[in-house]
Amino acid sequence: MQFHNYVGSEGDDSSPSDYDWNTDDELEVFGIPPSDPTISSQESCEDSVGESSASCSSAKHSKLIHLFVGMGFSRETVIKAIDENGRDNEEDIMEALLTLTAEKPLTVEKDEALSVLVNMGYPFEEALTAIDKCGPKAHISELADFISASQLEKGLHSPQESPNNKHDASDYTHEKPCQPSGEYYLHTSKKVKLGLGIFNEASQVISRKFPREVANKPYFYFENVALAPKGVWKTISRFLYEIEPEYVDSKYFCAATRKRGYIHNLPTHNRSPLLPIPPLTIQEAFPTTKKWWPSWDRRTKLNCLLTRVAPGPVTERIRKLLEKFGDEPPLHVQENVLVEIRKWNLVWVGKNKLAPLEPDEYEMLLGFPRDHTRGGGVTRTERYKSLGNAFQVNTVAYHLSVLKGRFPNGINVLSLFSGIGGAEVALHRLGMMLKNVVSVEIAEVNRNIIRSWWEQTNQRGNLIEVEDVQKVSSNELSQWITKFGGFDLIIGGSPCNNISGSNRVSRHGLEGEQSSLFYEYFRIVEAVMEIQRDELL
DNA sequence: AATAGTCGGATTTTTAGG
DNA sequence: CCTAAAAATCCGACTATT
């Protein structure tokens, strides 16, 4: 029953599966000479230390480059932006980068259109819907008209009439608890959730009532798997102030499915995605696989990236099977192979040859910098495990983007179940200054990864690493709060071990051994709320 | 009524490194 | 030849969706 919001009557024609770019893309991209969207976004991190380019020698310069490269811009673009704006004003550079990346012609029309529309100020989700409806080849003006029309049609009162004005009405004042009534309304833009997407037009304007205490500082953001056993999300909602989960599939943000539920008290107006928009199909994300991709494998999206990948013998078995037939295996063989392919999330890397994704491909799809989890004694198996448990950075950043303007002087973050630091990376890529980050993570390899990232990105703030969430006392919280002046954001996804459908052994629900740590999340949110409310009075 | 897909766990076998 | 680590191989249920 908690999935009642899936039942949006006519979700059919807006269903994501009928993005019909399949055929278009294949033809087009084949026709285009070697220009790889993926390579341009990845090359950057590789040799960032090699300061051989003659002109740039100062330490400040290279630090700046590193900083912005860490946010996901290509090294080339960063250098250009710094050259144009000087190295002293980081905000100007940031603006220039956003402009440059938005103007840069992308290889695929859809991405380009999306980027342009977003840059014009249209909400990301509406832009996607428009492209979905009008087709990827539609002219920008046509798409813009579509969006305006649909906004009118829905009688949207939102401040989007003048798309160029990104920052007009703020939906509420964050510093002050607005109404003394204690009632609080948050207007989500209409297409929130439904069908595990955020772009279903069947949904209506939703007003959520917040208890007064969560309408105030601090913001919190909770994440877990969407397809939990019955009742789990209802329980989670009950603890987290009766806020309805927002179900989002990360396939709208990258080339892989990732169905997750999010409960938060963030405003939802004027969200904006990270730029550049990542490749949204397998074919765009992995151009080299097109050469080997058989026509009968019609996938455009990968399935969820799990913590384990297919062992070698599986792919070898398929290869031998396929080699028995010619170019076109019989239908029943195709179907059997497809079942295995989908189950193990394989891609084509040679003639009849399949392979699981590499760890660095996981990183790319999930929005992390290349080699984020590499090195420092981290094994391959551990990388898969940590990455499989991680946030999809673009998705989370999209939600957190509303915070950017609210904390121009930096933000204090309490990050629970940090894992490999998806929340930290998301905030950083949004260009937010991280003042104080308390990061709670049980696994040593993950803490090392976060620490390493923190140092590589030249963070000027303060990172405190804590091991066990159960040992975080309210006393300790008080001390941090006093020292930092309070937390602005509490963020984390509690363990899904006993909730995930993949677990055949101990899917015991929210009360399971690991998943019950959700209550620790709740405990800490409560404690921080309590302490900071007292301090404010 | 049938199908598809899922932030996994326990155990055994193989490999890597002395 | 030994040990530790990594890879391979077992293992269904639950539910939204069609």
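Chain naming here is simple, since letters A, B, ... match the order of the sequence lines and numbering starts at 1 in each. These numbers come from the heavy atoms of this one structure, side chains and all, not from hydrogens, waters or symmetry mates.
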- [ ] Could you pick out which residue, Arg342(A) or Asn503(A), lies toward the 5' side of DNA chain B when each is mapped onto its nearest nucleotide?
- [x] Arg342(A)
Open item on the list: Looking only at side-chain N and O atoms, does Tyr521(A) offer a donor or acceptor that is under 3.5 Å from a partner on Glu526(A)?
Closed with: no
- [ ] Return the nearest nucleotide to the side chain of Asn303(A); candidates are dG9(B), dC7(B), dG5(B).
- [x] dG5(B)
- [ ] Let me know the distance between CZ of Arg504(A) and C1' of dT6(B), rounded to the nearest Å.
- [x] 10 Å
Open item on the list: Side chain of Cys304(A), heavy atoms from C-beta onward: which of dG8(B), dC7(B), dA8(C) has the nearest atom to it?
Closed with: dC7(B)
Task: Rounded C1' spacing from dG12(C) to dT3(B) in Å - done: 16 Å
Open item on the list: It should be established whether Ser502(A) places a side-chain nitrogen or oxygen under 4.0 Å from OP1 or OP2 of nucleotide dG5(B).
Closed with: no
Task: Distance-only side-chain donor-acceptor flag, Asn394(A) / Gln392(A), under 3.5 Å - done: yes
Open item on the list: Starting the side chain at C-beta, find the nucleotide from dT6(B), dG9(B), dA8(C) nearest to Asn497(A).
Closed with: dG9(B)
- [ ] Output the single nucleotide from dG9(B), dA6(C), dT6(B) whose closest atom is nearest the side chain of Ser506(A).
- [x] dG9(B)
Open item on the list: Starting the side chain at C-beta, find the nucleotide from dA8(C), dC7(B), dG5(B) nearest to Leu306(A).
Closed with: dC7(B)
TODO: With pairs defined as Watson-Crick or G-U wobble and both distances under 3.5 angstrom, please note down DNA chain B as a dot-bracket string, | for pairing with another strand.
DONE: ||||||.|||||||||||
Open item on the list: For Lys320(A) and Glu323(A): C-alpha separation, side-chain torsions, deciding distance, then whether salt bridge (Lys or Arg N to Asp or Glu O under 4.0 Å) applies.
Closed with: CA-CA 5 Å; Lys320(A) 282 177 177 164; Glu323(A) 275 179 355; over 6 Å; no
Open item on the list: Say we look at dC10(C) and dG5(B): how far apart would their P atoms be, to the nearest angstrom?
Closed with: 23 Å
Open item on the list: Tell me whether the side-chain N/O atoms of Ser500(A) come closer than 4.0 Å to OP1 or OP2 in dG8(B).
Closed with: no
Open item on the list: Measuring to OP1 and OP2 of dC7(B), would you say a side-chain N or O of Arg260(A) lies under 4.0 angstrom away?
Closed with: yes
TODO: Ignoring hydrogens and angles, tell me if any N or O in the side chain of Arg507(A) forms a donor-acceptor pair with the backbone of Ser500(A) under 3.5 Å.
DONE: yes
Open item on the list: Can you tell me which nucleotide in dA10(B), dT6(B), dA7(C) comes closest to the side chain of Thr257(A)?
Closed with: dT6(B)
Open item on the list: Ignoring hydrogens and geometry beyond distance, is a side-chain donor-acceptor pair present between Thr373(A) and Ser386(A) at under 3.5 Å?
Closed with: no
Open item on the list: Can you tell me how the ring of Tyr221(A) sits relative to the ring of His399(A), calling it parallel under 30°, perpendicular over 60° and tilted otherwise?
Closed with: tilted
